[in-house]
**Q** 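Here it is: the structure, laid out below.
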Amino acid sequence: MGQSRETAAEITKKSKSPFPVVPTTKILALGRFTCPPTPEQVKTIFPKEVPATLRLYLAGKIDQWWLRQDQKGPVFLMSETSVEEARAILEKLPLGQAKLMEFEYVELSPLTPLHLLLPESRANANT
């Protein structure tokens with residue numbers, strides 16, 4: 001799995017953080033339709049979209065999936081470690097190929113403030 005590219009500003013921002021830098025471990029992909037699919041598109045594209053998405057789940061690329069309550073699209077918790085990898089996968093789905101679905105990508109990492117609960121972190125904080 002590849003690493004995401006960081007800008008100098010992002011690296012500087014991370015180095016000033018009171019928390020340790022941790023790797024991206026998941027990608028949250030928030031989908032939305034670019035326009036409502038027509039009844040014809042639903043009939044032709046969705047029978048391909050659903051099995052293709054299921055294949056990604058069975059291949060371990062998608063950990064969990066939900067439908068947004070506002071019905072604007074799906075939400076996927078992906079096992080990828082970079083936005084580029086997640087984007088490449090989701091753009092190959094039939095709705096992506098038809099330019100009917102786009103995603104916002106959020107990089108996720110372990111909850112870094114938990115390091116404060118470790119004995120060695122408390123000792124360093126007191127010095």
**Q** Any chain of hydrophobic side-chain contacts (each under 4.5 Å) joining V106 to W66?
**A**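 Yes, it is one cluster - the side chains of V106 and W66 are joined through contacts under 4.5 Å.
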**Q** Heavy-atom distance under 4.5 Å between the side chains of L90 and F76, does that happen here?
**A** yes
**Q** Return yes if some donor-acceptor pair links the side-chain N/O of E102 with the main-chain N/O of G31 below 3.5 Å, else return no.
**A**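 No; judged by distance alone, with no hydrogens or angles, the pair does not exist.
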**Q** If you measure from CD1 on I27 to NZ on K61, what distance do you get to the nearest 0.5 Å?
**A** 12.5 Å
**Q** Measuring from E107:CD to S82:OG, what's the distance to the nearest 0.5 Å?
**A**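 OG of S82 is found 7.5 Å from CD of E107.
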**Q** Any donor and acceptor pair, going by atom type alone, linking the side chain of T112 with main-chain N or O of P20 inside 3.5 Å?
**A** no
**Q** Do V50 and V42 sit in the same hydrophobic cluster, where Ile, Leu, Val, Met, Phe, Trp and Tyr count as joined when their side-chain heavy atoms come under 4.5 Å apart?
**A**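 Different hydrophobic clusters.
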**Q** Could you tell me which residues satisfy side-chain hydrogen bond (donor to acceptor under 3.5 Å, both in side chains) with E104, sequence neighbours excluded, listed by chain and number?
**A**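 side-chain hydrogen bond (donor to acceptor under 3.5 Å, both in side chains) list for E104, sorted by chain: empty.
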**Q** Of the non-hydrogen atoms in P37 and Q41, which two are nearest, and what is the gap between them?
**A** CA-OE1, 3.3 Å
**Q** Is any side-chain heavy atom of T53 closer than 4.5 Å to a side-chain heavy atom of W65?
**A** yes
**Q** Is the shortest side-chain heavy-atom distance between L100 and I45 below 4.5 Å?
**A** yes
**Q** When you compare the side chain of P74 with that of R68, does any pair of heavy atoms fall below 4.5 Å?
**A** no
**Q** Measure the shortest side-chain to side-chain distance between I89 and L56 over non-hydrogen atoms and say whether it is less than 4.5 angstrom.
**A** yes
**Q** Search all heavy atoms of S109 against all heavy atoms of P23 and return the closest pair with its distance.
**A**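 Here S109 and P23 meet closest at CB-O, 3.1 Å.
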**Q** According to a 4.5 Å side-chain heavy-atom criterion applied to Ile, Leu, Val, Met, Phe, Trp and Tyr, with indirect links allowed, do L67 and L30 form part of one hydrophobic cluster?
**A**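 In one cluster: no.
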**Q** How long is the straight-line distance from NZ of K72 back to CZ of R32, given to the nearest 0.5 Å?
**A**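 The CZ atom of R32 sits 7.5 Å away from the NZ atom of K72.
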**Q** Do T34 side-chain atoms and K99 backbone N/O form a donor-acceptor pair below 3.5 Å?
**A**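 Yes, because the side chain of T34 sits within donor-acceptor range (under 3.5 Å) of the backbone of K99.
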**Q** Does a side-chain heavy-atom distance below 4.5 Å link L28 with V75?
**A** yes
**Q** Check A52 against L93 and note the closest heavy-atom contact, atom names and distance.
**A** CB-CD2, 3.6 Å
**Q** Calculate, to the nearest 0.5 Å, the distance between atoms OH and CD belonging to Y105 and E80 respectively.
**A** 11.0 Å
**Q** Might you point out which heavy atoms bring G73 and M101 nearest each other, and give the distance in Å?
**A**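 For G73 versus M101, the nearest heavy atoms are CA-CE, 4.5 Å.
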**Q** Looking at every non-hydrogen atom in both residues, tell me the closest pair between E91 and Q97 and how far apart they are.
**A** O-NE2, 2.8 Å
**Q** Are the side chains of F33 and L95 in touch, meaning some heavy atoms are under 4.5 Å apart?
**A** yes
**Q** Any side-chain heavy atom of L108 sitting closer than 4.5 Å to one from T24?
**A**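 No, every pair of side-chain atoms sits at 4.5 Å or beyond.
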